[in-house]
Engineer: 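Before we start, here is the structure in question, set down as structure tokens.
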Amino acid sequence: MRILIVEDEPELARHIRAALLRQGHTAEVEADGAAALQAALRGQPDLVLLDINLPTRNGFEVLAGLRQERCPALVLMLTARGEVNDRIKGLKAGADDYLAKPFALDELVARVEALGRRGGGPQTGTGLQVADLHVNVPQRLVVRAGRTIALSPREFDLLQVLMQEPGRVFARTELRDRVWQGEHDFDARIIDMFITRLRRKIDVGFDPPLLHTRRQVGYLIQPPA
Ligand code: CA
């Protein structure tokens, strides 16, 4: 993968870059928020490793800029350990995952590899349709009622799993296994967060709602009866 490391601690950035290069990735470093946003929009990396406290623009501002410009890169936020609010804030703003600092480099590499495997499950056909919601899997394109909807890579993967079996209720644990394969220490609230984000994009402003919650059970996509 082509990875952009946004980190203003030179030693840490250097170690991260070396670890990623050893795994066969290409990696560049930006230490400044505004410069990082420009670099990401220009360079179209596959993944952005994003620190929060940065000069000029903080990580949340960089993330907002990326998503506003519909940058499709995966974003892994580097948050301070215990700062649960930062995690939630980052996920709400469109991050795909987070890693708490300080972390072991092996942990970082594993997380990057796991994100890179996104959408690695079997894909059935090229088009998925529920009511007026259409998903083109190879192009990773989502259209509802003629309007193109921009999803982050994880949001897309989650929608794809739900759309493959309309009407079936997926438990959180199953969604975790299918969308977040192989990640330990997984917090089920992350799924709820992604469902909220997905609902905001595919259902708010459209009628009828297609994404449903079965309390205590899970989530499903269902066409109107
Ligand atoms: Ca920093």
Side-chain angles (χ1 to χ4, degrees), residues 1-118 150-155 180 182-194 196-197:
M1 280 193 286
R2 286 173 309 136
I3 299 171
L4 178 64
I5 302 160
V6 186
E7 172 56 68
D8 60 332
E9 293 165 49
E11 276 294 285
L12 179 58
R14 199 166 58 78
H15 286 304
I16 293 174
R17 181 164 184 269
L20 293 171
L21 293 180
R22 277 196 296 275
Q23 299 297 315
H25 300 291
T26 61
E28 289 180 20
V29 175
E30 288 288 348
D32 172 278
L37 180 57
Q38 292 309 315
L41 295 176
R42 193 177 54 239
Q44 299 287 313
D46 300 306
L47 186 146
V48 179
L49 280 179
L50 188 55
D51 187 29
I52 291 176
N53 292 318
L54 296 165
T56 71
R57 309 270 291 269
N58 70 34
F60 298 118
E61 293 170 320
V62 174
L63 174 62
L66 290 174
R67 293 313 184 213
Q68 196 178 330
E69 297 296 327
R70 311 228 156 154
C71 173
L74 290 155
V75 175
L76 175 58
M77 302 285 287
L78 304 177
T79 65
R81 194 168 291 280
E83 293 287 341
V84 176
N85 287 342
D86 280 355
R87 293 182 198 171
I88 301 293
K89 196 170 161 190
L91 291 171
K92 274 188 174 162
D96 293 282
D97 204 353
Y98 61 83
L99 185 61
K101 280 181 166 185
F103 48 80
L105 285 175
D106 287 350
E107 197 182 355
L108 172 82
V109 167
R111 195 61 69 88
V112 165
E113 302 287 331
L115 271 175
R117 283 195 301 272
R118 70 197 159 81
L151 296 184
S152 79
R154 288 282 195 174
E155 290 164 1
W180 284 264
E183 290 175 34
H184 49 92
D185 280 351
F186 190 85
D187 185 336
R189 285 172 303 180
I190 291 177
I191 292 179
D192 300 340
M193 185 68 60
F194 272 83
T196 301
R197 277 167 46 175

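Atoms within each ligand, like the ligands themselves, are counted from 1 in listed order. Sequence positions, counted from 1, serve as the residue numbers for this chain. Everything numeric in this text was worked out from a predicted model, so none of it was measured.
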Engineer: Any heavy-atom pair between the side chains of V6 and L4 that's under 4.5 Å?
Structural biologist: yes

Engineer: Could you name all protein N, O or S atoms found under 3.0 Å from the Ca ion (ligand 1)?
Structural biologist: D8 OD1, D51 OD2, N53 O

Engineer: What residue pairs, at least two apart or across chains, pass salt bridge (Lys or Arg N to Asp or Glu O under 4.0 Å) with a residue in residues 49-69?
Structural biologist: D51-K101, R67-D96

Engineer: Just wondering, more than 12 heavy atoms not from R189 lying within 6.0 Å of its CZ?
Structural biologist: no

Engineer: Within the 4.5 Å heavy-atom criterion, are L20 and I5 side-chain neighbours or not?
Structural biologist: yes

Engineer: Do E113 and H25 meet the criterion of a side-chain donor-acceptor pair at a distance under 3.5 Å?
Structural biologist: yes

Engineer: Please tell me if the side chains of L47 and V75 come closer than 4.5 Å, counting only heavy atoms from C-beta onward.
Structural biologist: no

